[in-house]
**Student:** 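Structure provided below as structure tokens; questions to follow.
Side chains are part of it too, since the values below use all heavy atoms of this structure and drop only hydrogens, waters and symmetry mates.
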Amino acid sequence: MIPYVLVVEDEDALATLLDYNLVKEGFRVERAADGEEALLRVEEETPDLIVLDWMLPKVSGVEVCRQLRARPATRRTPVIMLTARGEESDKIRGLDTGADDYVVKPFAINELSARIRALLRRSRPELVEERLEYADLILDRASHRVTRAGKDIHLGPTEYRLLDFLMQRPGRVFTRERLLDAVWGPNTYVEARTVDVHVGRLRKALRVPGSPELIRTVRSAGYSLDAQG
């Protein structure tokens, strides 16, 4: 599963720069131009992390952070406050409001990416681990390589993302709709049966003589990664 980062920034040029660079770093990025839009987007889908500007139209970043911490669904969602306000008192106020980190503009995009990954390692380590293993299956995110029983497995981009998501939670059954949201994205409109096609391709690619099937179909429920299936 690709980590979902919500960028809340009203400066269009900076928001575009963040979007471009964070996508290149391997994140899925959505943007909000003001605090009100940010809160609406969070209701639609909870991000894995939020990059939040302090000075925003309609609802300030501090107030957005306050409201996020008051909601059970986002109480523990990592928030990086991004602002031109570099005074120590401002930093303390931002952190006291509930921000997990505080980055002062101007900043290096590499530093911001490193801070994002550091927070995700604490909150959602399965999203940023470089190597996932299950049974005799290994997915190496750094090299984008998949092996089973020591044999290279060649996957298309969609099958790779599907396997990555399933390997994060082996044994758990996911509906077609949940897989569509996680692998294709919530704003992509494709039919649920598309999942069946790609699961079929993934299942075929993972077959190794003498080894059990790894993708289990659960009637009327969905699919799971399960060596006992």
Side-chain angles (χ1 to χ4, degrees), residues 1-23 25-129 165 168-169 172 174 177-178 181-182 185-187:
M1 184 178 179
I2 300 173
Y4 165 34
V5 175
L6 176 63
V7 172
V8 189
E9 171 60 62
D10 64 322
E11 293 180 36
D12 188 61
L14 179 55
T16 300
L17 180 70
L18 288 169
D19 190 339
Y20 173 78
N21 283 282
L22 292 178
V23 167
E25 289 284 329
F27 302 107
R28 174 166 70 88
V29 178
E30 297 289 340
R31 289 159 57 176
D34 59 64
E36 198 172 89
E37 184 186 357
L39 292 169
L40 288 172
R41 282 193 171 273
V42 168
E43 281 188 6
E44 292 170 359
E45 182 187 6
T46 303
D48 296 306
L49 182 141
I50 300 171
V51 176
L52 180 64
D53 187 24
W54 180 307
M55 303 295 290
L56 291 169
K58 298 184 180 179
V59 181
S60 73
V62 168
E63 179 58 27
V64 169
C65 194
R66 209 174 269 128
Q67 291 192 36
L68 292 172
R69 293 302 178 238
R71 298 177 179 182
T74 54
R75 189 166 291 151
R76 300 185 185 280
T77 301
V79 174
I80 296 180
M81 192 77 80
L82 197 63
T83 177
R85 304 176 69 143
E87 296 295 325
E88 184 177 354
S89 59
D90 291 325
K91 183 175 182 180
I92 291 171
R93 184 183 170 197
L95 294 173
D96 281 347
T97 301
D100 298 276
D101 203 350
Y102 194 97
V103 176
V104 178
K105 301 175 184 177
F107 58 88
I109 192 68
N110 290 342
E111 179 189 355
L112 180 62
S113 296
R115 289 173 181 260
I116 289 172
R117 292 189 186 280
L119 283 175
L120 287 174
R121 270 194 295 272
R122 294 201 292 270
S123 65
R124 297 286 305 280
E126 74 278 5
L127 292 178
V128 290
E129 288 175 354
F165 181 72
Q168 291 173 38
R169 300 169 182 82
R172 179 171 167 181
F174 294 99
E177 290 73 20
R178 180 70 184 92
D181 280 351
N187 299 316

**Student:** On a heavy-atom basis, which atom in Thr97 and which in Arg69 lie closest, and how many Å separate them?
**Tutor:** O-CG, 4.0 Å
**Student:** Once side chain to side chain donor-acceptor pair (under 3.5 Å) is applied, do any residues pair with Thr16, and if so which ones, sequence neighbours excluded?
**Tutor:** Arg31
**Student:** Can you find a heavy atom in the side chain of Leu56 that is under 4.5 Å from one in the side chain of Val8?
**Tutor:** yes
**Student:** Measure the spacing between CZ of Arg28 and CG of Leu22 and express it to the nearest 0.5 Å.
**Tutor:** 13.0 Å
**Student:** For Gly98 versus Cys65, what's the shortest heavy-atom pair and its separation?
**Tutor:** C-SG, 3.6 Å
**Student:** Of all heavy-atom pairs between Pro57 and Ala33, which one has the smallest distance, and what is that distance?
**Tutor:** CD-O, 3.7 Å
**Student:** Which distance, rounded to the nearest 0.5 Å, do you find between the CG of Leu119 and the OG1 of Thr77?
**Tutor:** 11.5 Å
**Student:** Do Arg71 and Glu43 sit within salt-bridge range, that is, some charged N less than 4.0 Å from a carboxylate O?
**Tutor:** yes
**Student:** Output all residues satisfying side chain to side chain donor-acceptor pair (under 3.5 Å) with Arg66, sequence neighbours left out; order by chain, then residue number.
**Tutor:** Glu63
**Student:** Applying side chain to side chain contact (heavy atoms under 4.5 Å, CB included) to Ile50 and Val42, what does each step give before you reach the verdict?
**Tutor:** CA-CA 9 Å; Ile50 300 171; Val42 168; 4.0 Å; yes
**Student:** Atom CD in Glu37, atom CD in Glu30: separation rounded to 0.5 Å?
**Tutor:** 10.0 Å
**Student:** Please enumerate all residues that pass side chain to side chain contact (heavy atoms under 4.5 Å, CB included) together with Leu14, with sequence neighbours excluded.
**Tutor:** Glu9, Glu11, Leu17, Leu18, Lys105, Phe107
**Student:** Determine the minimum heavy-atom distance between Met81 and Ala99, stating which atoms define it.
**Tutor:** CB-CB, 4.1 Å
**Student:** Of the non-hydrogen atoms in Pro47 and Leu6, which two are nearest, and what is the gap between them?
**Tutor:** CG-CB, 3.8 Å
**Student:** What is the distance from atom OG1 of Thr74 to atom CD of Gln67, rounded to the nearest 0.5 Å?
**Tutor:** 9.5 Å
**Student:** Any ion pair linking Arg41 and Glu45 (charged N to carboxylate O, less than 4.0 Å)?
**Tutor:** no
**Student:** Looking at Arg169 and Phe174, what are the two nearest heavy atoms and their distance?
**Tutor:** CD-CZ, 3.5 Å
**Student:** If you apply the rule side chain to side chain contact (heavy atoms under 4.5 Å, CB included), what do you find for Val51 with Phe27, and how did you get there?
**Tutor:** CA-CA 12 Å; Val51 176; Phe27 302 107; over 6 Å; no
**Student:** In Å and rounded to the nearest 0.5 Å, what is the OG to CG distance from Ser60 to Asp53?
**Tutor:** 10.0 Å
**Student:** Kindly compute the distance separating CD (Glu36) from CG (Leu40), expressed to the nearest 0.5 Å.
**Tutor:** 6.5 Å
**Student:** Determine whether a donor-acceptor pair (N or O, by modelled atom type, separation under 3.5 Å) exists between the side chain of Asp48 and the backbone of Tyr4.
**Tutor:** yes
